[in-house]
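In what follows, a single structure is set out as structure tokens and then discussed.
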Amino acid sequence: MESNSPKDTLVRSQETESLVKRLAGPSSGKAGLAKDQTEINRIISDASKGSKFYENEKKKDKEVTVRIEKILKYKEEAFKNLDVAKVEASMDHLIEQLEEQRDLTQLIVHVDMDAFFANVELLDNPSLAGKTFAVVGKGVLTTASYEARKFGVRSGMAAFIAKKLCPHLILVENRHWRYSEISDQIMGIFHRYDPDMCPAGCDEGYLNITAYCEEHAMTAEECVREIRETVFRETKLTVSAGIAPNKNKPNGQYQLDFDAKAIKAFTHDLPIRKVPGIGRVSERLLEAIGIKASTCGDIYTQRAVISIMDKQFGLVYLLRTYLGISSNTVQAHTREERKSIGAERTFSTLHKLDDILAKLDEVAAELEKDMQEDGWVGRTITLKYKLDTYRVFTRAKSVDHWVSKKEELYAVRQMIHSSHLTNINILLDWQRPAPP
DNA sequence: GCGGATCAC
DNA sequence: GATGGTGATCCGC
């Protein structure tokens, strides 16, 4: 095999490009590309180069490349005997059926606090106003102020990398108790508008305001303005909202027309990476099979390919994404619906088994404490640990009785088969998903 | 049921 | 010098 074929060169240059993008972190592509993102990515990559973290990312990137090669081979094979016109016609039929399920009667709102942790810090320390600062926990950023974001600083980024991008960056330590305090307050406000509202993390949620608007003879827009004003009045924090007939997240503060055509126009140019569930890897895989512009509009033009790759990508999920149809029911999760509880710690590399077991004991004790608070019990104990190479191992064991004690959690020590640990995670499942 | 991977926040 | 913690889900054994 000649190693300098055009295809080879292409694959290799793609690989470095995707690695550089990967190193920029999971949230970098999410907010839309900055003008000088290439330069930012270069700085990040240079700062990482040579580290074990970098080597691990390189390995994972390579694995995705191999996955892509397999998928392309499969695609080529499946395409050989494919009557494209016929498949497209049957896809069009399926799309019609899905279109019939579109329900435009519900007023669904997605509310999302602006730079939540950062703005809470700003609230409690006004001297941060206008400054480039970020909130940091365990060496990793959880939020960045809008001023800092201009430098390419993003949540999920290592603090020392952020400092390279923005040397004057002020680092503020996480204060979790403070955020949950305010989170409770905000969720309380959202509840007044929809008692069944569904929180998504501590700073955002989905509301169905159909009933509220009916009862108070309000339009959705008026209602959402009132929600946002109430949050600001009671917390002095700002919130953005998107209004739509289902849970597809609109962009920022936005009301989507309640009309199939307008919704499809919206998704047509929407980068597929912004769709919940499409992350960095799926974006790369989809790009490889022809979602070239990486927008949802390409789902339609590539419907024949996608139909033969149903297994890999989920045909109906993608078609519904193209149509801009998603669930429009909002329901709070009940405590009973929770499926697992866990505790995780990262530490500097431990080599001696005794030290590792001591750490494991700490994590087990922490998990037992959290379990007691909620009266939680489970049947499957999973141990996850990470080596200093960032390689992760998982070992699970299901038992025939309910586990609640730290002694039983600590028993996972039998499953450790390495040293050089930097992270330990113990997870307890209430019930594993039943096989179909 | 288990282990690896991906994803969201 | 250095890259988090919690919970969910899907796929291929």
Side-chain angles (χ1 to χ4, degrees), chain A residues 22-27 29-30 44-45 47-57 59-60 63-64 67 112-113 115-117 135-143 154-164 171 173-174 176 179 183 199-205 249 273-285 311-314 317 333 337-349 363 366-367 370 376 378-386 388-400 415 422-436:
Chain A
R22 168 181 268 277
L23 287 164
S27 59
K30 205 71 179 172
I44 296 171
S45 161
S48 293
K49 206 156 281 177
S51 66
K52 287 177 172 165
F53 181 84
Y54 179 91
E55 290 306 317
N56 187 250
E57 292 297 297
K59 194 179 95 191
K60 288 199 281 189
E63 282 163 8
V64 174
R67 251 178 95 180
D112 193 344
M113 299 299 293
F116 184 50
F117 293 0
V135 181
V136 64
K138 312 265 175 187
V140 173
L141 306 191
T142 53
T143 347
R154 292 282 179 278
S155 63
M157 189 174 269
F160 79 95
I161 303 263
K163 274 277 192 184
K164 292 237 150 103
L171 296 176
E173 272 295 313
N174 254 339
H176 271 116
Y179 314 137
S183 175
C202 65
D203 74 326
E204 62 180 273
K249 258 198 224 175
R273 180 67 174 82
K274 299 210 173 186
V275 177
I278 308 285
R280 285 178 297 172
V281 173
S282 299
E283 183 190 31
R284 257 191 89 190
L285 300 184
K311 190 90 174 151
Q312 287 92 334
F313 297 106
Y317 163 73
H333 298 125
E337 278 170 319
R338 223 231 267 205
K339 295 183 180 70
S340 70
I341 186 169
E344 179 178 354
R345 283 288 161 276
T346 299
F347 37 84
S348 51
T349 313
V363 178
E366 158 119 24
L367 181 53
D370 290 350
W376 178 272
R379 287 193 49 242
T380 305
I381 312 175
T382 303
L383 168 71
K384 193 154 78 172
Y385 58 88
K386 198 189 278 183
D388 61 356
T389 55
Y390 290 89
R391 195 173 159 192
V392 175
F393 294 86
T394 337
R395 295 288 173 266
K397 179 104 187 99
S398 299
V399 292
D400 59 4
M415 304 179 183
T422 66
N423 170 293
I424 287 178
N425 182 347
I426 307 177
L427 191 95
L428 196 60
D429 278 48
W430 133 271
Q431 199 178 12
R432 287 226 157 224

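Reckoned from all heavy atoms, side chains included, excluding hydrogens, waters and symmetry mates. So you know, we letter chains A, B, ... as the sequences are listed, proteins then strands, and number each from 1.
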Quick one: [X] [atom1] to [N] [atom2], roughly how many Å, whole number?
X         : N      : atom1 : atom2 : result
Met415(A) : dG3(B) : CE    : P     : 8 Å
Lys384(A) : dT6(B) : NZ    : C1'   : 11 Å
Ile278(A) : dC7(B) : CD1   : P     : 8 Å
Leu428(A) : dA8(C) : CG    : P     : 12 Å
Asn425(A) : dG4(C) : CG    : P     : 13 Å
Leu171(A) : dT3(C) : CG    : P     : 15 Å
Asp203(A) : dA8(B) : CG    : C1'   : 12 Å
Arg284(A) : dT6(B) : CZ    : C1'   : 14 Å

Between Glu57(A) and Lys60(A), does any NZ, NE, NH1 or NH2 come within less than 4.0 Å of an OD or OE carboxylate oxygen? yes
Test: Arg379(A) and Asp429(A) ion pair at under 4.0 Å: no
Both Lys311(A) and Asn423(A) contact DNA chain C. Which one's nearest nucleotide lies toward the 5' end? Asn423(A)
Between dC7(B) and dG4(C), how many Å separate the two C1' atoms, rounded to a whole number? 16 Å
Name the closest nucleotide to the [X] side chain, picking from [options].
X         : options                : result
Glu344(A) : dT3(C), dT9(C), dT6(C) : dT6(C)
Arg273(A) : dT6(C), dA8(B), dG7(C) : dA8(B)
Arg338(A) : dT3(C), dA8(C), dG5(C) : dA8(C)
Ile161(A) : dC7(B), dG5(C), dT3(C) : dT3(C)
Lys339(A) : dC2(B), dA8(C), dG4(B) : dA8(C)
Tyr390(A) : dG5(C), dC2(B), dT3(C) : dT3(C)
Arg345(A) : dT6(C), dG3(B), dA2(C) : dT6(C)

Quick one: label [X] by what it contacts on the DNA or RNA (base, sugar-phosphate, nothing), any heavy atom closer than 4.0 Å.
X         : answer
Leu427(A) : nothing
Ile341(A) : sugar-phosphate
Gln312(A) : nothing
Lys60(A)  : nothing
Ser282(A) : sugar-phosphate
Gly139(A) : nothing

For [N], take OP1 and OP2 only and decide whether either is under 4.0 Å from a side-chain N or O of [X].
X         : N      : value
Ser340(A) : dG7(C) : no
Thr142(A) : dC9(B) : no
Arg280(A) : dC7(B) : no
Arg379(A) : dG1(B) : yes
Ser51(A)  : dT3(C) : no
Lys386(A) : dT3(C) : no

Spell out yes or no: do the side chain of Ser48(A) and the base of dT3(C) have one donor N/O and one acceptor N/O closer than 3.5 Å? yes
Closest non-hydrogen atoms of Tyr317(A) and Pro276(A), given as atom of the first, atom of the second and distance, are OH-O, 2.9 Å
Could you verify whether a donor N or O on one side chain and an acceptor N or O on the other, from Asn423(A) and Thr346(A), lie under 3.5 Å apart? yes
Which residue lies more 5' along DNA chain B, comparing Arg67(A) with Ala200(A) via nearest heavy atoms: Arg67(A)
Output all residues satisfying ring pair (Phe, Tyr, Trp, His ring centres under 6.0 Å) with Tyr385(A), sequence neighbours left out; order by chain, then residue number. Phe393(A)
Mind checking side chain to side chain donor-acceptor pair (under 3.5 Å) for Glu366(A) and listing every partner two or more places apart, or none if nothing turns up? Arg345(A)
Cationic tip of Arg338(A) above Trp376(A) ring, under 6.0 Å, 45° of axis: yes
